[in-house]
Every structure is written in structure tokens, then in C-alpha cells.
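Written below as C-alpha cells is the structure these notes are about.
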Amino acid sequence: MNFECLKNEFLNREFSELNDRQREAVFSVSGNLLILAGAGSGKTTVIINRIYFMLKYGDLSSVKCSDELLRMLVRGFEDKKSLSDFSEALNFDPILPEDVLAITFTNKAAKEIRERLEAKLGEKADRIWASTFHSMCAKILRIHAESLGYSPRFAIYDSDDTKRLIKECIKSLNIEEKILPVKSCMSHISSAKDSLLDSFGFKMKYENDFKMSRISQVYDMYEDKKKKSDAMDFDDLVMNTVKLFKKHPKIRRQYMERFKYVMVDEYQDTSESQHELIKMLTGKNGNLCVVGDDDQSIYKFRGADVDNILSFDKYFKDVKVIRLEQNYRSSGNILSAANAVISNNSSRKSKFLWTSSGDGCKIRVHVSYSEHDEAEIISKEILEGVKNGKKYSDFAVLYRSGIQSAVIEKLLTRNGIPFRVIGNVRFFERKEIKDILSYLSVINNPNDEIRLRRIINRPNRTIGDRTLSSIAEVAQKNNRSFFEVISNCSKYRELQRASYKITSFSSLMNVLIEANKDGMALHDLYDLVLEKIGYIDFIKSSEDDPNPRIENINELRNYILVFESQRGDGASLAEFLEEVSLVSDSASSEDEQDFVSLMTIHASKGLEFPVVFLPGFEEGIFPSQQCIYEPDSIEEERRLAYVALTRAKEKIFILHSTSRMTYGTTSHNKPSRFISEIPSNLLEITKSKDWKKLAASDRIPPSNKQVRVKSVVLARSFGSITRKPSFPVKTNVLFRRPGIEKEQDQIV
DNA sequence: CCCTGGCCGCTTTTT
DNA sequence: GCGGCCAGGG
């Protein structure tokens with residue numbers, strides 16, 4: 001018996017709940033490691049255990065052991081002791097929590113990691129940096145803001161702010177919006193930033209391209225205005241951190257030395273800029289562990305580059321690759337189907353999911369005659385399942401595109417099935433919430449022009465476009481900020497006429513700014529803002545049904561209270577805004593927990609359900625029309641299909657319809673190619689009866705009794721319920737909307 | 001400055 | 001088929 005073997009015996013016993021591959025990943029501490037984690041292969045468990053292992057043992061490969069000690073260990077092993085009981089004798093060198101950086105994409109994932117680490121490690125876990133790319137960058141940039149010419153209080157613009165600002169730039173450059181739509185301009189600028197192309201580089205690159213050089217003008221102006229507003233957009237957070245590290249090698253070294261062990265989750269979703277950031281943090285010889293699945297790369301459209309994971313071993317030295325292929329989620333037939341579909345992709349690392357559990361049931365493919373019929377079949381199957389002891393929450397309906405949900409919502413409602421649409425409008429993006437947050441942002445950073453413009457006439461103060469542009473003009477001419485101009489507007493002749501209105505607004509704001517400076521508690525400031533601006537009355541007078549909005553406003557107050565109780569006394573406005581700007585996470589419901597989940601396939605990544613319905617498996621829907629003639633895009637769609645299939649634990653229903661109404665016109669789509677890529681022996685095909693041949697009585701959609709179903713629009717924070725509140729946005733809409741009856745007539 | 005009617009356009013989404 | 005957005009009239 002040598003030490004190496006004995007050590008493994010100890011560790012295998014301690015980590016016996018893991019499989020061999022998982023253990024290998026957990027024990028590989030030093031050097032660069034790529035973990036290719038298939039769907040449902042216990043990825044997060046590996047991440048948690050690996051950090052746990054590092055903090056407990058460090059890198060055991062360098063530990064030496066004398067003969068005498070070895071005999072002691074053998075005895076210890078027989079006495080069921082753990083290797084850590086010999087820590088002093090073996091003199092191993094644990095890694096400190098502050099040496100570890102764990103990066104994820106979403107707050108939800110970061111939170112899960114933090115919670116699971118806390119459960120396993122106790123308070124030590126707090127010292128580990130576990131955060132998203134963006135919050136990590138924001139944290140670093142706040143510290144070094146001045147080196148890049150920002151103040152530490154810089155604002156963070158979300159896509160709505162960004163859009164408004166870009167729109168303004170397009171306007172003031174006198175570019176026809178028809179030639180250059182804001183959306184396309186925004187996405188060009190965003191993807192430039194994803195690949196670290198700043199406005200200067202952009203200008204150089206596209207000198208000879210007419211359209212792109214117009215965009216370059218916008219890019220220039222956008223950057224300029226944003227800088228003057230002391231603000232960064234989401235893409236800036238990453239790009240500016242890279243810039244900071246390039247410009248100040250000392251600062252870079254400081255972080256490289258600090259984060260001795262770096263882990264990145266969902267590496268297939270990284271963009272070029274994020275990849276570069278990781279390179280700068282770890283260097284060529286760092287200890288970098290990335291986890292991901294190239295087959296689940298579905299975010300190319302927002303800058304993700306699969307190549308970062310596919311060519312990981314080219315970018316980093318001496319990479320050890322570990323594949324996690326044992327699946328703990330789905331039955332055999334589901335995995336066979338998923339494997340078969342994904343094997344049609346050419347650019348991928350080979351991987352083959354397997355399970356030790358049985359084949360399970362076949363994959364049911366159902367051919368319906370319309371999208372109504374399709375939704376009806378789903379409803380029937382759910383009711384049938386519930387009759388046989390399943391819960392509503394065992395079911396999920398996953399679709400390619402959000403527009404598919406409407407019909408399904410309708411028929412589920414009609415059948416009295418409780419459901420929720422996950423990921424529609426997010427809490428912090430609601431108009432009333434953005435309005436109030438904009439007030440708070442301006443109080444924190446009066447230079448934030450875009451948000452100042454948003455609120456200056458909300459509630460109405462009859463300060464219109466005219467006045468706004470003359471303020472902007474004056475600001476430009478006198479080289480003053482927008483806020484400075486409105487605070488002293490009586491001094492400017494051009495603003496004389498509107499002076500009274502503007503001054504009453506600016507003095508209001510100045511009162512609020514002072515209140516904040518005096519250290520007023522956050523929730524008191526919030527109340528003061530609402531009261532001073534008369535926002536509730538404004539909502540009451542301008543909305544047909546003000547209640548949902550008022551509920552949201554109250555909910556924001558709750559959120560502040562929770563924030564204050566977490567942070568203790570010193571909870572500052574700046575900290576609050578930081579959290580809010582990076583957290584899209586939102587409401588969860590207090591009451592009913594048993595509901596069917598409806599969401600896009602994208603939103604379902606990482607989740608699992610016993611029974612999964614996949615409506616709209618048709619050419620033109622999925623794969624979507626735009627992708628059909630592009631091989632690369634088809635591969636991305638196929639990965640999406642792979643994600644969809646691997647969500648299911650027990651049963652999959654794939655549905656396609658011989659006719660479907662989209663955008664007001666009826667189309668007849670062929671079944672999706674992804675269906676034919678599944679071996680037919682795994683399929684069980686059923687068909688709706690031809691509706692024309694049905695007796696008239698059978699054609700009436702079943703129950704039209706008015707069932708009260710609450711459909712709450714949830715953000716993606718599903719499962720992690722931290723606050724009680726809910727936002728019943730869509731309660732009963734379906735029955736109040738006229739036209740349903742009409743709709744039924746059409747079917748009959 | 002606000003309201004309303006007509007017109008366009010329309011995957012996927014986190015931060 | 002529907003909603004968001006812009007232009008034009010009140």
C-alpha cells in the first residue's frame with residue numbers, strides 16, 4: 001500500500017456520493033481544467049465539491065508521507081477516519097477562501113453557488129468571491145474608477161437607458177431612423193463591445209463601409225454622452241475592466257495575485273471580452289477551471305462564442321479535460337433521442353450522455369391540425385396526468401418563441417389549469433419602477449442625463465421636447481451639465497419662459513439630493529420621493545387600473561426594506577442602486593405553488609421537469625425561419641433542440657401542427673427536421689382526428705366555464721423565493737378580453 | 001403638450 | 001393579429 005493509493009481510498013470514501021469522473025474533477029486542483037458537463041450530469045455539485053475540497057485539502061498531489069505515517073494512516077482508514085483528521089501530520093496546505101473566484105452568468109446561479117457553499121462550509125463561504133461577470137467587474141471598476149476617468153459613483157445603464165441614449169444620438173446626428181433603426185444600431189455597438197472593439201477601432205475598421213460608418217458616428221457620440229453622464233452600460237463593465245487591466249498592469253497583477261484559483265461556469269456562453277478578461281485574470285499558467293457544455297451553447301445572438309470552449313486548450317496551456325457524461329435526470333429513451341439529434345452537429349466536442357436507469361417511456365409525437373388543437377392536446381394530457389396523481393408543477397411547456405404562448409395560455413385557462421409564464425416583463429423593467437429608480441439614480445448621480453430626461457416630465461410638469469432641447473443646447477454652449485443648467489436656469493435668457501417650471505423641478509430634486517446627503521434612511525428617502533413628486537396620484541389619474549402599478553411601487557418599498565435589513569444601518573443609496581442595476585431577478589408568488597410552467601426553451605436552460613411539452617416542432621417555427629438556410633444557425637437551433645429534450649425527466653411530448661396561424665396568416669409547415677433526426681424506434685406517433693370529420697358537438701372546445709386562474713408573470717427567478725410579494729399582472733385577463741367568445745365561434 | 005389613429009414589423013435574453 | 005411608436009390634430 002503506497003500513499004497515493006491510500007489517499008484515494010480515503011477520498012473515494014469521503015466523496016462517495018460522486019461518480020469517478022466527478023471525483024476526478026473535484027480532486028484536480030492545480031493547473032487548467034476543462035470540465036465538459038453534459039446536461040443533468042451534476043455540474044453544480046462538482047463545482048461546490050471542488051471548492052469545498054480546495055479549502056479543506058488544497059492540492060494534495062504534492063503531499064509527501066513517511067512510512068511510519070503511512071502505517072498510521074492505514075489504521076486510521078480502518079477506523080473510518082477522514083483524511084482531514086491527519087491534517088497536522090500530513091502538513092497539507094489548504095487554499096484560503098479569499099483565493100477563490102467563482103464566476104457565473106446570472107445572479108440566480110451565483111446565488112445558488114453562494115447558498116450551497118454556505119451550507120457546506122459555513123461562514124468561510126462569505127470570503128469566496130462568487131459573483132456574475134458583471135457584478136465582479138462593477139466591483140473592480142468602482143474601486144479603480146478614477147484611473148479610467150469615471151467617478152466611483154458611476155451609473156450603470158440597462159438596455160432601456162442604452163436604447164434611449166442611442167436613439168437620442170441618432171436623432172441629433174440627423175440620421176433617418178428608417179435607414180438606421182435604433183435596435184440594429186444598438187446591437188452593432190453591443191457586439192462591437194463584446195469583441196472589445198471601441199469606438200475608435202470601430203471607426204478604423206469600417207472606414208469604407210457607408211452604413212457602418214454612420215453607426216460609428218453614433219457609437220462615438222454615444223460613448224461621449226455616456227462618459228459625460230458618468231455612466232457605463234452592461235457591455236462597458238466587462239470591456240472597461242479589460243481596458244483597466246491593459247492600461248494598468250499593476251492593477252491587473254494585484255487581481256491576478258489575489259485570485260489564485262478561478263472557476264467559470266457556463267463557459268460556452270462567454271463572449272470574446274469575457275474570455276479576454278479571464279485570460280487577463282489567470283495568465284497562461286494560472287489555475288483556471290471552466291465548466292460548460294458546447295452542446296448547450298444557445299446565446300450566440302448575444303455575443304457568446306462557442307469557440308471559447310471548443311478551443312479552450314489552444315488558449316491555455318496543459319489543459320486537462322474531464323467529461324461528465326453520466327446523466328442523473330432523464331430516462332434512457334430521452335437521452336438516446338437527445339444524443340441522436342445533437343450528433344448531427346459537426347463542430348462539437350464529442351460527448352455521449354448515458355444513464356444507469358431504464359429506458360422509460362417512448363417519446364410521443366403528436367400531429368395536430370391547428371395551434372388551438374395543439375394547445376388543447378396539451379391541456380388534455382395535463383388534466384389526464386393530474387388525474388393520475390401528477391402535480392401541475394410536474395409539467396412544463398417549452399416553446400421556441402414567446403408568441404407561441406398566447407394560445408396555450410388561453411386553452412390552459414379555459415381548462416382551469418393553473419400556469420405561469422416565466423420570464424415576461426421583469427420587475428425592474430416595469431415603467432413605474434424605472435421611473436422611481438430613475439429619480440433615485442439622479443439623486444445619487446445628478447449627471448445622469450438620460451434618466452434626468454426620463455423623469456423631468458413624469459409626472460407631467462409640462463416640460464416638453466422643446467424645452468428639453470433648449471436646455472441641451474444651453475448645456476452644450478456653456479459646457480455645463482444638464483443638471484447644472486436646470487439648477488440655474490434663470491441665468492439663461494433662452495430658458496426664461498420655462499424658467500418657473502424648470503426651477504420648481506430642480507429645487508425639488510435639490511431638496512431630495514440634500515436629504516440623501518444628510519444620511520436619511522433609504523426607505524424614508526423613498527417615501528419622501530414618492531410624496532414630493534406625487535407619483536401615486538399621477539398613476540391614479542393616468543391609468544385605467546392603477547392597482548397593479550401601485551402594488552409594484554409598494555413592492556419596491558418592500559425590496560428596499562429587505563435590502564436595508566440585509567445591509568444593516570449603513571445601507572446607502574449608491575449600494576442599493578448598484579444591486580438593483582445588476583439584478584434582474586424579481587418577484588415570486590406567495591400563494592399557489594402548484595402550476596404548469598410556460599417558458600421559452602432559452603429560459604428553460606438549467607431547469608428540469610418530469611413531463612415536457614414541446615409545441616411547434618415545425619420547419620419555420622423551430623428551426624425558425626431565419627435560420628433555415630444558414631448551416632451555422634441550424635447548428636445553434638439544434639443545440640436548442642438538445643436543450644429542450646434534455647429538460648425532461650420522464651416524458652416528452654413533441655407537437656406539430658398541419659396548419660398554424662402566425663402573424664395573422666395561416667401557414668402549413670412541414671414537421672421539424674429535428675423530429676426525423678430521432679430514431680423512429682424511440683417514437684410513438686399519434687394524430688388528432690381530422691376536425692372536419694368530427695361531429696359538431698365534439699368540435700366545441702371543452703369547458704367554457706369561467707375558471708379563475710391566476711397567471712402571474714414571473715421573472716426567471718423561479719424557485720428561489722426570497723421575498724413574498726407577487727405581481728398579479730395578468731389576472732383573469734383572458735376572460736375579460738372581449739373576443740374570446742368570438743374566437744370560440746370561429747372554431748365551431 | 002397630450003391624445004389618437006394609422007402604420008410597421010415581428011426569434012431567442014442576461015447583465 | 002397585435003402592440004409599440006410616430007406623426008398630426010386638438
Side-chain angles (χ1 to χ4, degrees), chain A residues 103-110 131-138 156-163 167 171 177-178 181-184 187 190 193-194 232-239 266 269-271 273-274 297-304 371 398-407 422-426 428-429 431 457-458 460-468 498 501 542 578-586 599-606 616 620-628 633 636-637 639-641 643-644 661-666 715-717 737 739 742-743 746:
Chain A
I103 305 177
T104 60
F105 272 83
T106 64
N107 290 299
K108 191 184 150 202
S131 69
T132 63
F133 269 105
H134 295 264
S135 59
M136 173 188 76
C137 290
I156 298 172
Y157 280 177
D158 69 10
S159 12
D160 183 64
D161 304 316
T162 300
K163 199 171 168 190
K167 198 171 186 173
K171 219 179 213 166
E177 242 199 86
K178 291 211 168 88
V182 192
K183 238 183 146 185
S184 122
S187 78
S190 174
K193 291 183 177 192
D194 280 338
M232 295 190 197
D233 64 24
F234 286 137
D235 301 315
D236 288 337
L237 292 175
V238 178
M239 189 161 101
E266 305 281 16
D269 290 340
T270 49
S271 64
S273 59
Q274 288 159 337
S297 164
I298 54 174
Y299 286 112
K300 189 179 177 183
F301 68 92
R302 67 173 202 221
E371 73 276 16
L398 312 179
Y399 34 81
R400 173 68 245 261
S401 148
I403 48 167
Q404 290 173 256
S405 78
V407 199
I422 315 287
N424 270 10
V425 191
R426 292 196 293 268
F428 289 109
E429 282 168 17
K431 209 164 56 181
N457 198 35
R458 192 123 92 224
N460 304 1
R461 302 185 177 90
T462 59
I463 302 175
D465 270 351
R466 261 255 167 95
T467 317
L468 282 181
K501 292 183 283 194
S542 59
E578 164 99 17
E579 161 151 330
V580 156
S581 58
L582 294 174
V583 167
S584 76
D585 181 58
S586 106
M599 68 189 95
T600 61
I601 301 171
H602 282 93
S604 76
K605 202 174 101 183
I621 303 280
F622 190 31
S624 84
Q625 195 58 48
Q626 294 87 323
C627 302
I628 280 183
S633 314
E636 176 114 343
E637 294 285 289
R639 291 192 286 269
L640 197 53
V643 169
M661 182 86 117
T662 8
Y663 302 133
T665 43
T666 305
R716 304 190 60 205
S717 72
R737 204 191 294 151
K742 237 195 272 165
E743 200 87 46
Q746 280 169 7

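Letters go in sequence order (proteins before strands), and every chain restarts at 1.
- The gap from the P atom of B:dT12 to that of C:dC5 amounts to 16 Å, rounded to the nearest Å.
- Under the stacking definition used here (centres under 5.5 Å, planes under 30°), the residue A:Phe301 qualifies as stacked on the base of B:dT12.
- With its glycosidic angle more than 90° from 0, B:dT12 adopts the anti conformation.
- Judged by closest nucleotide on DNA chain B, A:Asn457 is the one of A:Gln626 and A:Asn457 placed further toward the 5' end.
- Residue A:Asn107 places no side-chain N or O under 4.0 Å from the OP1 or OP2 atom of B:dT14.
- A sub-4.0 Å separation between OP1 or OP2 of B:dT11 and a side-chain N or O of A:Tyr299 is absent.
- At the heavy-atom level, A:Gln274 lies nowhere under 4.0 Å from the strands shown.
- Taking 4.0 angstrom as the limit, A:Thr600 places none of its side-chain polar atoms (N or O) nearer than this to OP1 or OP2 of B:dT12.
- Residue-to-nucleotide contacts include a donor-acceptor pair under 3.5 Å from the side chain of A:Ser159 to the base of B:dT15.
- Residues A:Ser135 and A:Thr132 have side chains that bring a donor and an acceptor to within less than 3.5 angstrom of each other.
- Remark: A:Lys501 NZ is packed, more than 12 non-hydrogen atoms of other residues, nucleotides or ligands lying under 6.0 Å away.
- A donor and an acceptor atom, one from each side chain of A:Thr162 and A:Asp233, are nowhere located under 3.5 Å apart.
- Nearest nucleotide to the A:Tyr663 side chain, out of C:dG1, B:dT12, B:dT15: C:dG1.
- Nearest-nucleotide positions on DNA chain B place A:Thr462 closer to the 5' end than the other of A:Thr462 and A:Cys627.
- Contact annotation: A:Lys167 does not reach the phosphate of C:dG4 (side-chain N/O to OP1 or OP2, under 4.0 Å).
- Of the N and O atoms on the side chains of A:Gln274 and A:Ser271, at least one donor lies less than 3.5 Å from an acceptor on the other residue.
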